Structure formats: C-alpha cells, structure tokens
Amino acid sequence: MTAIDLTESPSSRLLHNMSARPRTAVTRTVAPTRGDWAAFKWSAAPPTLDPHQRRALDVWWERFALRGAALVYARSGMATSTVRVTVCRNDELTLNVLLRSRGSLLIAEMPLLDHPDALRGIELLTDDLRLMKAVLQ
C-alpha cells in the first residue's frame, strides 16, 4: 500500500521554477472606501493657550464624547484629487484634533499638546465617520 502516489498524470504538471516572473501582468486597483474626508488646519497664528482656555477645550472635548481612536493623515503626502475634502470650521474641534493627534493617530484620551506652536503648517485629514459627522454639522 502506497501512502503518497508520486506518479505524474498528464493533467497535473508541476511548476519547476517558482522564482520566475509571471508572464502576464496583473494590475490591481483599490477603490477608496469613502470619498468624503475632513480637513483640520489652523490657518491663523498659533494661539497661546492659558490654563483657562486649555480647560475650556478639555470640557468641550469631553462633551464631544469621542471614544477610542481615529486615524489621521498629513495632507502633504496624500493625493486628494479623487476625494471631496471638507474643511472644519469649528475652532474647538480643530484645535482639539490638532493638539491631541500624535503622528497618524488621534486618541480620544490624549492630553492637549503643551506647545500650540506645533500647529504651524500642519493639516490633517481623516475619513473617520465620527469626525466627518461633526464637521458636517
């Protein structure tokens, strides 16, 4: 009794060189999941936030009640020709998003940055539905 039959049948041929390039080109495109994005940018001079203003931003953020995290992306590295970008006009939301984001992540429980000067020249985009809803209101 043979456990494995190694005889080659005419219908099954082995690939002898798996490291060779394929003979046909394969093109893959991935459509964007959503076409709407929100942009957060502080266009004026960075504000100087005293403790009272920082507390007011914290209270506003607590009422906003964002939980978890959201992905944010720097606009400079992103092609936005195929998506619709809505700029946030709410100063409290814009400051909270910009001053609580670290890299490509906005964590709801993250404290505000100590140096609002970090706002200079930064524009963040997100397609997070919770933030999109707030921007469109």
Side-chain angles (χ1 to χ4, degrees):
M1 174 173 11
T2 305
I4 300 175
D5 185 11
L6 296 177
T7 58
E8 184 177 331
S9 69
S11 64
S12 66
R13 302 228 174 200
L14 295 175
L15 290 175
H16 295 288
N17 188 356
M18 295 298 289
S19 64
R21 292 175 51 132
R23 292 182 187 177
T24 56
V26 177
T27 304
R28 179 177 57 140
T29 57
V30 178
T33 55
R34 290 184 284 277
D36 296 330
W37 289 72
F40 299 92
K41 181 177 184 176
W42 192 258
S43 55
T48 53
L49 299 176
D50 61 33
H52 175 63
Q53 292 167 321
R54 293 177 69 79
R55 180 67 189 137
L57 282 175
D58 284 336
V59 167
W60 189 94
W61 189 247
E62 288 170 10
R63 281 196 321 257
F64 182 62
L66 180 71
R67 298 291 175 251
L71 291 173
V72 292
Y73 308 92
R75 184 175 191 137
S76 61
M78 204 175 163
T80 57
S81 60
T82 60
V83 297
R84 184 175 57 211
V85 177
T86 303
V87 178
C88 181
R89 302 287 179 213
N90 182 319
D91 288 346
E92 288 87 1
L93 179 58
T94 299
L95 283 173
N96 272 298
V97 168
L98 293 174
L99 292 175
R100 292 180 194 278
S101 296
R102 307 296 193 268
S104 294
L105 194 60
L106 166 65
I107 299 175
E109 292 81 19
M110 189 67 68
L112 292 167
L113 282 173
D114 290 334
H115 305 289
D117 195 46
L119 299 175
R120 193 178 305 276
I122 210 165
E123 183 174 9
L124 296 178
L125 297 176
T126 187
D127 63 344
D128 187 275
L129 293 176
R130 300 165 296 177
L131 293 170
M132 280 298 306
K133 183 179 176 184
V135 168
L136 295 174
Q137 288 180 345

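These figures come from a predicted structure and were not determined experimentally. Each residue takes its place number in the sequence, starting with 1.
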Enumerate the residue pairs fulfilling side chain to side chain donor-acceptor pair (under 3.5 Å) with a member in residues 91-108, sequence neighbours excluded, ordered by first and then second residue. D58-R100, N96-R100

Could you state the interatomic distance from CG (L95) to CG (L49), rounded to the nearest 0.5 Å? 6.5 Å

Could you identify which residues cluster with L136, counting Ile, Leu, Val, Met, Phe, Trp and Tyr as linked when any side-chain heavy atoms lie under 4.5 Å apart, either directly or through a chain of such contacts? M132

Using the test side-chain hydrogen bond (donor to acceptor under 3.5 Å, both in side chains), find all partners of R130 that sit at least two apart in sequence or belong to another chain. D128

Measuring from E123:CD to S43:OG, what's the distance to the nearest 0.5 Å? 10.0 Å

Can you confirm whether L125 sits close enough to V85 that some side-chain heavy atom of one is under 4.5 Å from a side-chain heavy atom of the other? yes

Between the CG atom in L124 and the NZ atom in K41, the distance rounded to the nearest 0.5 Å is 11.0 Å

With A134 via side chain to side chain contact (heavy atoms under 4.5 Å, CB included) - residues at least two apart: F64, L93

Determine whether V97 and L131 make a side-chain contact, defined as any pair of heavy atoms from C-beta on separated by less than 4.5 Å. yes

Would Y73 end up clustered with I107 when hydrophobic side chains under 4.5 Å apart are linked, directly or stepwise? yes

How close do L98 and L113 get, heavy atom to heavy atom, and via which atoms? O-CD1, 4.4 Å

Mind checking the CG-CD1 spacing from L99 to I122? Nearest 0.5 Å is all I need. 9.5 Å

For R63, give me all partners under side-chain hydrogen bond (donor to acceptor under 3.5 Å, both in side chains), at least two apart in sequence or on another chain. none

So, are R54 and D114 salt-bridged, with charged N and O less than 4.0 Å apart? yes

Can L57 and L112 be said to form a side-chain contact (heavy atoms from CB on, under 4.5 Å), step by step? CA-CA 9 Å; L57 282 175; L112 292 167; 4.0 Å; yes

For residues W42 and W37: do they belong to one hydrophobic cluster (side chain heavy atoms under 4.5 Å, members Ile, Leu, Val, Met, Phe, Trp, Tyr)? no

Is there a side-chain contact (heavy atoms from CB on, under 4.5 Å) between F40 and N90 once you walk through the steps? CA-CA 9 Å; F40 299 92; N90 182 319; over 6 Å; no

Verify, without hydrogens or angle tests, whether W61 (side chain) and A108 (backbone) share a donor-acceptor contact under 3.5 angstrom. yes

Within-4.5 Å side-chain heavy-atom neighbours: L71 and L105: yes

Cluster companions of V87 among Ile, Leu, Val, Met, Phe, Trp, Tyr (side-chain spacing under 4.5 Å): none

